[in-house]
Amino acid sequence: MFKLEIGTPARFSYRYTVRSHGWYDLAPFEIDADDRLLFVTRRGTNEEPVAVAVEATKGGLVASVDASAFDRDSVMRDVRHILRLDEEFDGFYAAITRTGRVVWAREKNAGRLLRGPTVWEDLVKTMCTTNCSWSLTRSMVTNLVDKLGDETACGRRAFPTAEAMASRREAFYRDEMRAGYRSPYLVELAERVASGELDPETWLDSELSTAELKKEMKTVKGVGDYAAENLLKLVGRYDGLALDSWLRSQFYERHNGGKKCSDKKIDMYYHNFGNFRGLAIWCDMTESWFD
DNA sequence: GCGTCCAGGTCTACC
DNA sequence: GGTAGACCTGGACGC
């Protein structure tokens, strides 16, 4: 077992980042009894996957790597990536100060949304969150990882590569992953990524405008407005609200007396957060998670 | 046990 | 560009 020490920004909360949304609950992510975040990473399709456990210490973070050989720089990069240690949130906190809303997020150093080691992993998982209960999302992702993910030296499984997913036909996704109508979408996506026609990793530092990038994301069948805006948040763009039925219902209860209202009204409520309004609504609606 | 509803939507056809 | 209907699954709920 190798241990790597990782420094964190001054304004960082391990707890509020790891539990920022449901990703920690989807394989290969896991939180163990000691509140360590477990995940599996791999650079390159031909490399062995590596299991990593991250925990908070007084001085920052420690990542424990359960492998005989691994690329130290890759593991460091992935820990920094999934916890967004290199992302700047001063603009968000300034918007909170300016608006006087969602103050708790600034006080708790919240706002960092947990993400997977690759955009590919986040993309597939996001498609599995659409039009279903969370338990079904969890079931689909677990089935996918268990059946197609390569095993690490310690027996954990990695998220499947695009190549592994492209090697399976639609029947696998219907009958074994239980992805239902999403099955042909997953096959098509895997084939596009495996062939090199689509590279989701480029979305991280794309020079496209947010509107153009959203349009590119929506070329993936199964990715609509909600999924694209959720992915935009995960690549660090918070202009879109990523409204789904849960977020809407939470807004109605919290800010509209329990009555339905238009999406436009919701958008206007967070208008003063500018490019951080997607992050603002998420923090606003999840404050009670941490009570 | 059975039927219905609905959940962290999207696609397609049609107007 | 806007909208209705279809699409899968599985848990919750009422009977």
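Atoms considered below: every heavy atom in the structure, side chains included; atoms not considered: hydrogens, waters and symmetry mates. Numbered from 1 within each chain, the chains take letters A, B, ... in sequence-line order.
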Taking atom types as modelled, find out whether Asp284(A) and Tyr270(A) have a side-chain donor-acceptor pair closer than 3.5 angstrom. yes

Write down the distance separating the P atoms in dT4(B) and dA6(C), rounded off to the nearest Å. 16 Å

Identity of whatever pairs with dC8(C) - Watson-Crick or G-U, under 3.5 angstrom: none

Find the distance Leu136(A):CG to dC8(C):C1' and express it as a whole number of Å. 8 Å

As a test of understanding, state which of Tyr238(A), Phe276(A), Trp246(A) forms a ring pair (Phe, Tyr, Trp, His ring centres under 6.0 Å) with Trp282(A). Trp246(A)

Once rounded to the nearest 0.5 Å, what's the spacing between atom CD of Glu47(A) and atom OG1 of Thr41(A)? 9.0 Å

Working to the nearest 0.5 angstrom, can you tell me the gap between Leu144(A) CG and Met177(A) CE? 4.5 Å

Salt bridge or not between Arg157(A) and Asp146(A)? Use side-chain N to carboxylate O under 4.0 Å. no

Are Arg174(A) and dC8(C) close enough that a side-chain N or O sits under 4.0 Å from OP1 or OP2? yes

Provide the start and end nucleotides, 5' to 3', of the part of DNA chain B that has atoms under 4.0 Å from heavy atoms of chain A. dA7(B) to dT12(B)

Scanning all shown strands, the Watson-Crick or wobble mate of dG8(B) with both distances under 3.5 Å is none

Among residues 236-248 of chain A, which residues get a heavy atom nearer than 4.0 Å to DNA chain B? Asp244(A), Ser245(A), Trp246(A)

Here the residues of residues 215-231 of chain A within 4.0 Å heavy-atom distance, strictly under, of DNA chain C are none

Mark yes when over 12 heavy atoms from residues, nucleotides or ligands other than Glu5(A) sit less than 6.0 Å from its CD; otherwise mark no. no

Do the side-chain N or O atoms of Arg182(A) get closer than 4.0 angstrom to the phosphate oxygens (OP1, OP2) of dC8(C)? no

